[in-house]
2 protein chains.
Amino acid sequence: MNKMHKEHNLTKNQKIIFDLIDKSSQPLKAYSILYNVQKKGIKAPLQVYRALDKLVEIGKIHKIESRNAFIACHNSSCQVAKATAFTICEICEKVTEISSTGLSKYLANFKDKDGMKYSKYNLEFFGLCKKCTLK
Amino acid sequence: MNKMHKEHNLTKNQKIIFDLIDKSSQPLKAYSILYNVQKKGIKAPLQVYRALDKLVEIGKIHKIESRNAFIACHNSSCQVAKATAFTICEICEKVTEISSTGLSKYLANFKDKDGMKYSKYNLEFFGLCKKCTLK
DNA sequence: TTACATAGTGTTATATTATAACAACTAAAA
DNA sequence: TTTTAGTTGTTATAATATAACACTATGTAA
């Protein structure tokens, strides 16, 4: 019982919630996830938040901080949630994960005034997506 | 009555709240601000949030999205909240605004796969500050 | 196998962060 | 003076997130 998901060792709740987020074309919010998985036996916010925390930790999903929403990682190179970058359209709210080696190298090597390197970053760009620009 | 703050046309509430944040060495959260300004007549969350919204809009303060906290802008070049970058220490929670022309130029010129430029960004680096590294 | 450690679950209650709606007031400009 | 846009004060409530506790499942090592 409670078999782990083969590919990534997800538990039942984690898998239910990951699958929902993964199928979604846009970021999902915690309580919207909750409403969508209640028929599958996940009844309380904490069950959702715990799964989300774990999924973020292992890099299967990312949190869009400015939106309090969660998106599946489609960037094969990001095994852990340590270097994330997104574009966010301020009209249609479409969020896209950026996978630019130039950008990630630049940021991974960034040092502050004291010469300190930082182990993680999260970058969010805001503006208009192509579709909304053309309207 | 209700004189504007000379330098930046802040209203009374905006000035009270800006002064508090500006004096603080670390980011402040909305409800912590509320408790600190109740003696000055600001009694309700909305009064705080409205002032915060305005101060963010005009670039006098920035929101640290990953912490739901607000910090005064000490970067003379950032008149508007359109290009922000911070380092955040995961131990002591010290937050520092980065003012690196190299970084800001790099990010301001970033284009996504479709060649789209974005009008705003927010970047948060996480790691250890110098002090915490030495401990 | 048993014992142990680690991690996940289900549950209730509650804390924290943020906004809706509405009436009134203020400041600046036409 | 009238209008306009923005801010204020207020009550209520929505949305986001965690504390605490008892219990269950799984992996590992004696």
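Letters A, B, ... are given to chains in the order of the sequence lines, protein chains preceding strands, and every chain is numbered from 1.
The nearest whole Å value for the distance from the CD1 atom in B:Ile64 to the C1' atom in C:dT17 is 16 Å. If you take CG of A:Asn9 and P of C:dT6, they are 18 Å apart, rounded to a whole angstrom. Rounding to whole angstrom units, CD1 of residue A:Ile16 and P of C:dG8 are separated by 15 Å. Regarding A:Tyr49, its OH atom lies at a distance of 19 Å from the P atom of C:dT14, rounded to whole Å. Taking atom CG of residue B:Leu52 and atom P of nucleotide C:dT16, one finds them 17 Å apart after rounding to whole Å. A straight line from CG of A:Leu46 to P of D:dA17 spans 12 Å, rounded to a whole angstrom. Distance CG (B:Asp53) to P (D:dT7): 10 Å, rounded to an integer number of Å. Put simply, NZ on B:Lys29 is 8 Å from P on C:dA18, counting in whole angstrom units.
One donor-acceptor pair, N or O on each side, does fall under 3.5 Å between the base of C:dA18 and the side chain of B:Tyr31. The base of D:dG6 does not come close enough to the side chain of B:Arg50 for any donor and acceptor atom to sit less than 3.5 Å apart.
Out of D:dT11, D:dT7, C:dT17, the shortest distance to the side chain of B:Gln14 is found at D:dT7. Set against C:dA21, D:dT18, C:dA18, the side chain of B:Pro45 has C:dA18 as its closest nucleotide. With C:dT17, C:dA18, C:dT9 as the choices, the nucleotide that has an atom nearest any side-chain atom of B:Lys63 turns out to be C:dA18. Taking every side-chain heavy atom of A:Lys12 into account, C:dG10 is the closest of C:dT17, C:dG10, D:dA17. Considering only side-chain atoms of B:Asn68, the nucleotide from D:dG9, C:dT17, D:dT16 that sits closest is C:dT17. Which of C:dA18, C:dG10, C:dT11 sits closest to the side chain of A:Asn13 comes down to C:dG10. When distances are taken from the side chain of B:Thr11 to each of C:dT12, D:dT8, C:dG8, the shortest belongs to D:dT8.
Ring-plane geometry between B:Phe125 and A:Tyr118 is classed as tilted, the angle between the planes lying from 30 to 60 degrees on a 0 to 90 degree scale.
B:Lys54 has a side-chain polar atom (N or O) that falls below the 4.0 Å cut-off from OP1 or OP2 of D:dT7. Put simply, B:Gln47 has a side-chain N or O that comes within less than 4.0 Å of OP1 or OP2 on D:dG9.
The residues A:Glu124 and A:Arg67 are annotated as not salt-bridged, no charged nitrogen and carboxylate oxygen being separated by less than 4.0 angstrom. We find that B:Asp19 and B:Lys15 are joined by a salt bridge, their nearest charged nitrogen and carboxylate oxygen being less than 4.0 Å apart.
Listed here is the closest heavy atom pair of A:Glu90 and B:Ser119: OE1-OG, 4.3 Å.
You'll find the side chain of A:Ile71 stays beyond 4.5 Å of the side chain of A:Glu97, heavy atoms only.
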